[in-house]
Amino acid sequence: MSTEDDRRLMIQAAIEANHHIAAKEYAYSPYSKFRVGAAFLLADGTIVKGANVENASWGGTICAERTAVVKAVSEGKKDFVALAVTSDVASPISPCGICRQIIREFCSLEMPILLVPADYPQDAEDGGVLNVTLGGLLPHSFGPEDLELPRQPY
């Protein structure tokens, strides 16, 4: 992530941005009542937001992180630099396994991920934000480059 301003803008986009509706505010979670917001920073400074959208069939539910990835990729944007994720939970929460794998498809293992507590900013110097990387969340991962590895004959 390039600057402290980028970090702040991402967190605001995931939670509450001045005159804009935050990603989490658009969550559709009538079943779980578990709102999640995600905001990706792109290399050009653009922020792409996503919210979780539930479905009565549950299998049709899409998480906030995947919503943001799909929005960006469907517009031809794949230059992800960082991600912020928040919910209504007081402690930082992490993307689920499916989201981690989708993020892995498009992002570097070194990409910073900010896990933001609902009560951000806290008195703590870092606002209670947990700073991790994709590689830290998904060690020993399988990615697109693994499909190119040599294999034994079938």
Which atom names give the shortest non-hydrogen contact between [X] and [Y], and what distance separates them?
X   : Y   : result
N55 : G60 : CB-C, 3.7 Å
A23 : A38 : CB-O, 3.6 Å
A39 : A13 : CB-CB, 3.7 Å
Y26 : A51 : C-CB, 3.8 Å

Would the number of heavy atoms belonging to other residues, nucleotides or ligands and lying under 6.0 Å from CG of L109 be above 12?
yes
Joint hydrophobic cluster, [X] plus [Y], side-chain heavy atoms closer than 4.5 Å:
X    : Y    : answer
V85  : V89  : yes
M111 : I93  : yes
V132 : I102 : yes
I11  : V36  : no

Any Lys/Arg nitrogen of R104 or E65 sitting under 4.0 Å from an Asp/Glu carboxylate oxygen of the other?
no
Any side chain to side chain donor-acceptor pair (under 3.5 Å) pairs touching residues 72-94, not counting sequence neighbours?
K24-D88, R35-D88, S94-R100
Examine distances only and state if a side-chain atom of [X] and a backbone atom of [Y] form a donor-acceptor pair shorter than 3.5 Å.
X    : Y    : answer
N52  : F34  : yes
T133 : G136 : yes
E54  : S32  : yes
Q101 : F142 : yes

Taking the side chain as C-beta and beyond, is there a heavy-atom pair between C63 and I98 under 4.5 Å?
no
Would you say that V81 contacts D6 through its side chain, given a criterion of any heavy-atom pair below 4.5 Å between the two side chains?
no
Gap separating the [atom1] atom of [X] from the [atom2] atom of [Y], nearest 0.5 angstrom:
X    : Y    : atom1 : atom2 : result
R7   : L9   : CZ    : CG    : 12.0 Å
F106 : L134 : CZ    : CG    : 12.5 Å
L83  : L114 : CG    : CG    : 7.5 Å
I113 : L138 : CD1   : CG    : 9.0 Å
R151 : L149 : CZ    : CG    : 7.5 Å
T67  : I62  : OG1   : CD1   : 4.0 Å

Please name the residue in the list V73, V48, I103, L41 that meets the side chain to side chain contact (heavy atoms under 4.5 Å, CB included) test with F80.
V73
